[in-house]
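All remarks here apply to the structure that follows.
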Amino acid sequence: MEGSYQMNGILNGMSNSRHPSSPSEVDEFCKALGGDSPIHSVLVANNGMAAVKFMRSIRTWALETFGTEKAILLVAMATPEDLKINAEHIRIADQFVEVPGGTNNNNYANVQLIVEIAERTHVSAVWPGWGHASENPELPDALKEKGIIFLGPPSAAMAALGDKIGSSLIAQAAGVPTLPWSGSHVKIPPESCNSIPEEMYRSACVSTTEEAVASCQVVGYPAMIKASWGGGGKGIRKVHNDDEVRALFKQVQGEVPGSPIFIMKVASQSRHLEVQLLCDKHGNVAALHSRDCSVQRRHQKIIEEGPITVAPSETVKELEQAARRLAKCVHYVGAATVEYLYSMETGEYYFLELNPRLQVEHPVTEWIAEINLPAAQVVVGMGVPLYNIPEIRRFYGMEHGGGYDAWRKISAVATKFDLDNAQSVKPKGHCVAVRVTSEDPDDGFKPTSGRVEELNFKSKPNVWAYFSVKSGGAIHEFSDSQFGHVFAFGESRSLAIANMVLGLKEIQIRGEIRTNVDYTVDLLNAAEYRENKIHTGWLDSRIAMRVRAERPPWYLSVVGGALYEASSRSSSVVTDYVGYLSKGQIPPKHISLVNLTVTLNIEGSKYTIETVRRGPRSYTLRMNGSEIEAEIHSLRDGGLLMQLDGNSHVIYAETEAAGTRLLINGRTCLLQKEHDPSKLLADTPCKLLRFLVADGSHVDADTPYAEVEVMKMCMPLLLPASGVIHFVMPEGQAMQAADLIARLDLDDPSSVRRAEPFHGTFPKLGPPTAVSGKVHQKFAASVNSAHMILAGYEHNINEVVQDLLNCLDSPELPFLQWQELMSVLATRLPKDLRNELDGKYKEYELNSDFRKNKDFPAKLLRGIIEANLAYCSEKDRVTNERLVEPLMSLVKSYEGGRESHARVVVKSLFEEYLSVEELFSDNIQSDVIERLRLQHAKDLEKVVYIVFSHQGVRTKNKLILRLMEALVYPNPSAYRDQLIRFSGLNNTVYSELALKASQLLEHTKLSELRTSIARSLSELEMFTEEGERVSTPRRKMAINERMEDLVGAPLAVEDALVALFDHSDPTLQRRVVETYIRRLYQPYLVKGSVRMQWHRSGLIALWEFSEEHIKQRNGQDAMSLKQQVEDPEEKRWGVMVVIKSLQYLSSAIDAALKETSHYKAGAGNVSNGNSASSSHGNMLHIALVGINNQMSTLQDSGDEDQAQERINKISKILKDSTVTSHLNGAGVRVVSCIIQRDEGRPPMRHSFQWSVDKIYYEEDPMLRHVEPPLSTFLELVCCHIHFSLRETVKFSFPYQNLTTSL
């Protein structure tokens, strides 16, 4: 063990300023009171409640006795688990020794370790407490060999009373009544109590089945077959008749092999009564009143009280005297408790056992007897006789009694008295004690462990408590479940109970554990308890009835079961995937974590639920057209915390052969497997001992057919139905849960019950948690939802984006975000900075209207922060910069207004998308996963969630596209770098997203091109290098050259030119329109024919052009076309009207047609609608501009539906008989409409052709978004001959919307 523990603190015997009491003072105390072994230091070989109580009692005693609480040095043992949870006993101790963790055999129950630590720390004594090694006879012997005092009984007394048969024989020898048992006839002499003769011991046992039957007949039924070495439920069976004895006797033998077995009468409806003893090594025994501990569950005490009120005082005296005789019989030393069973019907009492240690409930005795029991143990350990202890003298009403503070005076005049004949004073009132345990009463008092966030108890004059943990501590898995003890005092029993109820209601315990506090309040208020009509089986009967009676509401069972199954399956998927990666294997391509279908069988109904994950802990559940939302959180103890309809529910699950048992809020339900009674399965891992019926025989239902061993306990298996049995598993075989034992040919196969499908719906429930209406919290929720989508989970994208847009557009958002940050950081900020920020901000905060209408003062606040940092010292600046970083991030994001903040948010979402998808772009997934596996070898779960995110790429694409349309489109240049990365994604799954990014990049180029053209065609640059204005002829020549450059430019400048059609500079506007016409009609434009005319309706442009493109569309050969081009007589005219409103269209057309009247008569003129179409060749272009015009009903905002509405209006005007007649009469065959849109978006183009059949202008879908002069190059006429062409509305960009099919 050397080196297995560490010393912390100062060893005893060394100078220690914390212990001002000199050793001589303790020596003087011991000598003055008749002791012989002064104790200066004690090793507390325990933890939790025991250690805390002992240390506090010794501190109180030392302060009263020696004037300092540090007179006795206290050494604690501390496991890693105790240190981790900040255990209270470690804090109280003067020094501690770190010992191995785990179960108590490694530490507090390890005799060798305790002795070695006691030697190493040079302590005077060891206090074992209760539990652990406190009842191990090896410990006192081992300490005695080392000369160390054991604060407990000698090993002989401990060993004699530790054996159930031996202790009963000793009790009989001491004249203590016992229940009728197989050794009732055995009488051992008092001198043999410490060494019972072997023959007498055997005569008290039963060794065969027949001996057991005969003994049971003597003691009477019901009886208990008990193994002397048994415990914890093993080696004990209750029997009611001879047949049960024959069936169960061998089971007891098998559970505790080699143990002696005895028979004892069952005492039903009895009370558990106790007597507290204190014995010294001089043979003196004091009985310190009595206690009643009848409120028990599974033989563990919950409520204790004292003194005894259910039995007459004479009987109580008899109990005390019997206990004293028993202690003297075995020469007992130290504190002990003798326990009895008391029959309320007959008034008889029987010895149960003697506990050779101090018990948990000893403070009850301390209160009513006014004796500090741990201090008394130390004083007895010093060898002081009981009659010299001041508190004992006071207890017996002797003179010169009192507190330890008067020990010097008392020791000089105190005289010896006979404790056997002395009468004790009456108990001081009544005391009730309640054990506070980390157990869940609704789950059969199942222990729980975990962090204790808050533990708050307010002591009162009549109520006090002590705990082994405090707020911020924890209870680990190796702790005792009891971590607190509450005591209430009253002048009477009823007053003590009332004080206890009030005290318990004021205890606040919050954390991961469950406690019995509320449940115990119910017990104290129960009529049976208040009327003192309880017994040892009362609480167990209440627990049994409560568990059987209550079930969770059906929808809680369904939702809890569905969430448990979904989370379990998801966890298994992740675990399996990580398993593949850790082995270097290729994992499955698909990870099923989002959409799962769960089928549950609960109490005869089958529920089919679709679960959809909205986040790591958030789910949507759908069933039969209904839908609810829920959230779950994993607990440290393996449970789930479910949030549903604003309420929390704790779920635990345990897998059984029959299915999965859920515990929801302490109430159970079973998620059943399909039950087939023809298959007999093992419920738990066990061993098949033997079959009880013949193979192939007919057996009735509920008949035991086999016997199995489970955890060394023998249990029979019963048939669920009647039929003929056929064995499958051989005898002696070890089995696992759900292993097939036998098959059953059913007498009635219809007994196989099938679960019926459930056709109902979920009740209408609210959200899992309270939903805040504040903008900044809605914003955080929408951003979180967007992150969840990018992580691979499912949300309604339209709702998420719309909520995000609404929040980003709210003027209140930055103010609320600032308030939230300041509420966190205010107390940590430097005082001057905080005051200045608060002062500047108050004017915004106090005036809500002002706040809503004004921008967030980001620059002002940033200036204040930076100025404050500038004046800090170099040392403080680093700290303060880190402190104000959240504030600086916020103000920087808003320096450009709300739009700037929106860009920060969107860019972060884009970056999250690209960080995953760029890994998979143009790469084989298996190669990507292998690289990720090597990169994240220490945390392979990261690989799982990266792949899981990529798996939802199609949904993620929808989110990114929506964000691009809503937030990127107005200013794509701000996202250029990320758009370039999006456009570079190379996989079919990214095609739509990459195309959208490319289009937005084109928008960026279009805006830049528009600016470049406007500057090029303006006169701003028409200056010499010396700054002089260029002369007019040279200027005109330069402008014309630039126009020619644009006409012949290889770039697509048409859309940029259209974007300038509404320029505020009339000269620039004319140049732009002319450049557009010259580029559109080259090389068919007649040179010098373009002229401009201003009209009140707008700008009118006219020109002449060759009709070569018309002939080409009609399929003429190249030679005839060449001849036609060379003929200057074959010309047509074109006209463009640039207007800002459709209301000007009719007047603009009339004005334009008047301007064309000077052209050669008959050129393109057709006299009626039935003339040959070949005579139509003139063109009309309508440019609808003025995006910033206030006529919102007529202006286009870029929305496709609005654009279509405008086209419909144009079509209506062109179908007007007057307009049609004028246009047709002027020889106009095609009317082209150009709709200008906002900056960055290309214009929309629609062509209307003259229909001979319909006698009006009809839109040609094949020419949508294509200018008629350019359609020649598409050879659409040829395509139309061989293919069926149809128009698709997908994108508003040239050449993107034609679909062909054979």
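- Considering only residues two or more places apart in sequence or on other chains, T620 meets the side-chain contact (heavy atoms from CB on, under 4.5 Å) condition with V612, R614, R622, E627, E629.
- A side-chain donor-acceptor contact under 3.5 Å links N624 to the backbone of G760.
- Atom CD1 of I960 is separated from atom CD of E992 by 12.5 Å, given to the nearest 0.5 angstrom.
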In sequence, state the C-alpha distance, the side-chain angles, and the governing distance for L596 and S570, and then conclude on side-chain contact (heavy atoms from CB on, under 4.5 Å). CA-CA 9 Å; L596 297 172; S570 297; 3.9 Å; yes

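- Within the structure, side-chain hydrogen bond (donor to acceptor under 3.5 Å, both in side chains) pairs that include any residue of residues 573-587 do not occur (at least two apart or interchain).
- At distances below 3.5 Å, at least one donor-acceptor pair connects side-chain atoms of D695 with backbone N or O atoms of F727.
- Contact record, A526 with R542: CB-NH1, 4.0 Å, taken as the closest heavy-atom pair.
- Side-chain contact between L959 and Y913: absent, with no pair of heavy atoms (C-beta onward) separated by less than 4.5 Å.
- The closest side-chain heavy-atom distance from D739 to L681 is not below 4.5 Å.
- Residues passing the ring pair (Phe, Tyr, Trp, His ring centres under 6.0 Å) test with F483, sequence neighbours excluded: none.
- In this structure the side chain of K778 never reaches within 4.5 angstrom of the side chain of D803, judged on heavy atoms.
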Does the pair S605 and E756 meet the rule for a side-chain contact (heavy atoms from CB on, under 4.5 Å), with working shown? CA-CA 5 Å; S605 296; E756 296 293 330; 5.6 Å; no

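- At distances below 3.5 Å, not a single donor-acceptor pair connects side-chain atoms of N957 with backbone N or O atoms of Y990.
- The heavy-atom pair separating L644 from A630 by the smallest distance is CD1-CB, 4.0 Å.
- Side-chain N or O atoms of S572 include one that pairs as donor or acceptor with a backbone N or O of S568 at under 3.5 Å.
- Nearest heavy atom pair, residue R569 against residue T597, reads NH1-O, 3.2 Å.
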Show the numbers, then the answer: is there a side chain to side chain donor-acceptor pair (under 3.5 Å) between H698 and D747? CA-CA 9 Å; H698 182 276; D747 292 346; 2.7 Å; yes

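- Across every non-hydrogen atom of A721 and P677, the tightest pair is CB-CB, 4.5 Å.
- Judged purely by atom type and a 3.5 angstrom limit, E731 uses its side chain to pair as donor or acceptor with the backbone of F691.
- Contact annotation: the side chain of L504 approaches that of T520 to within less than 4.5 Å [non-hydrogen atoms, C-beta and beyond].
- Looking at heavy atoms from C-beta onward, V947 lies out of side-chain contact with V928 at the 4.5 angstrom threshold.
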Apply side chain to side chain donor-acceptor pair (under 3.5 Å) to residues N806 and Q802 and explain how you reach the verdict. CA-CA 6 Å; N806 293 339; Q802 191 57 52; 3.1 Å; yes

Run the numbers on F948 and I946 for side-chain contact (heavy atoms from CB on, under 4.5 Å), then give the verdict. CA-CA 5 Å; F948 171 59; I946 291 174; over 6 Å; no

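- The side-chain contact (heavy atoms from CB on, under 4.5 Å) check on A247 picks up nothing, with sequence neighbours excluded.
- Inter-residue side-chain proximity for N595 and T611 is flagged as unmet; no heavy-atom pair is nearer than 4.5 Å.
- When the shell of 6.0 Å around CZ of R743 is examined, it contains 12 or fewer heavy atoms from other residues, nucleotides or ligands.
- Taking CD of E912 as the start and CD1 of I789 as the end, the distance is 10.5 Å to the nearest 0.5 Å.
- Remark: side-chain polar atoms of S785 are paired, donor with acceptor, to backbone N or O of A781 under 3.5 angstrom.
- By the 4.0 Å N-to-carboxylate-O rule, E707 lies close enough to R690 to be salt-bridged with it.
- The distance from the OG atom of S915 to the CG atom of L790 is 8.5 Å, given to the nearest 0.5 Å.
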Check against side-chain contact (heavy atoms from CB on, under 4.5 Å), T769 and E631: CA-CA 8 Å; T769 56; E631 293 181 1; 4.1 Å; yes

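- Taken from CD1 in I797 to CG in L804, the straight-line distance is 13.0 Å, to the nearest 0.5 Å.
- When ring centroids are compared, Y607 and F758 come within the 6.0 Å threshold.
- By the side-chain contact (heavy atoms from CB on, under 4.5 Å) test, S634 is found to be paired with L640, residues two or more places apart in sequence or in another chain being considered.
- The ring pair (Phe, Tyr, Trp, His ring centres under 6.0 Å) search around Y705 returns none, not counting sequence neighbours.
- A 4.5 Å side-chain heavy-atom check between Y619 and V559 finds every atom pair outside the cut-off.
- Distance alone, capped at 3.5 Å, places no donor-acceptor pair between the N784 side chain and the A780 backbone.
- When side chains are defined from C-beta on, M735 counts as touching M729, because their heavy atoms get closer than 4.5 Å.
- The structure places CG of D700 at 8.5 Å from CG of L719, a figure rounded to the nearest 0.5 Å.
- Considering all non-hydrogen atoms of both residues, H936 and V943 come closest at CB-CG2, 4.0 Å.
- A distance-only check finds a donor-acceptor pair linking the side chain of D645 to the backbone of G766 [under 3.5 Å].
- Remark: E81 does not engage K84 in a salt bridge, criterion side-chain N to carboxylate O under 4.0 Å.
- Put simply, CG on L662 and OG1 on T660 are 7.0 Å apart, with the number rounded to the nearest 0.5 Å.
- The backbone N or O of T608 sits nowhere less than 3.5 Å from a side-chain atom of T599 that would complete a donor-acceptor pair.
- S471 contributes a side-chain N or O that, together with a main-chain N or O of L455, makes up a donor-acceptor pair within less than 3.5 Å.
- Side chain to side chain, S949 and K956 meet the donor-acceptor criterion of an N or O pair below 3.5 Å.
- Listed here is the closest heavy atom pair of P704 and V693: O-CG1, 3.9 Å.
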Begin from the C-alpha positions of Q643 and H649 and carry the test side chain to side chain donor-acceptor pair (under 3.5 Å) through to its verdict. CA-CA 6 Å; Q643 291 178 284; H649 310 275; over 6 Å; no

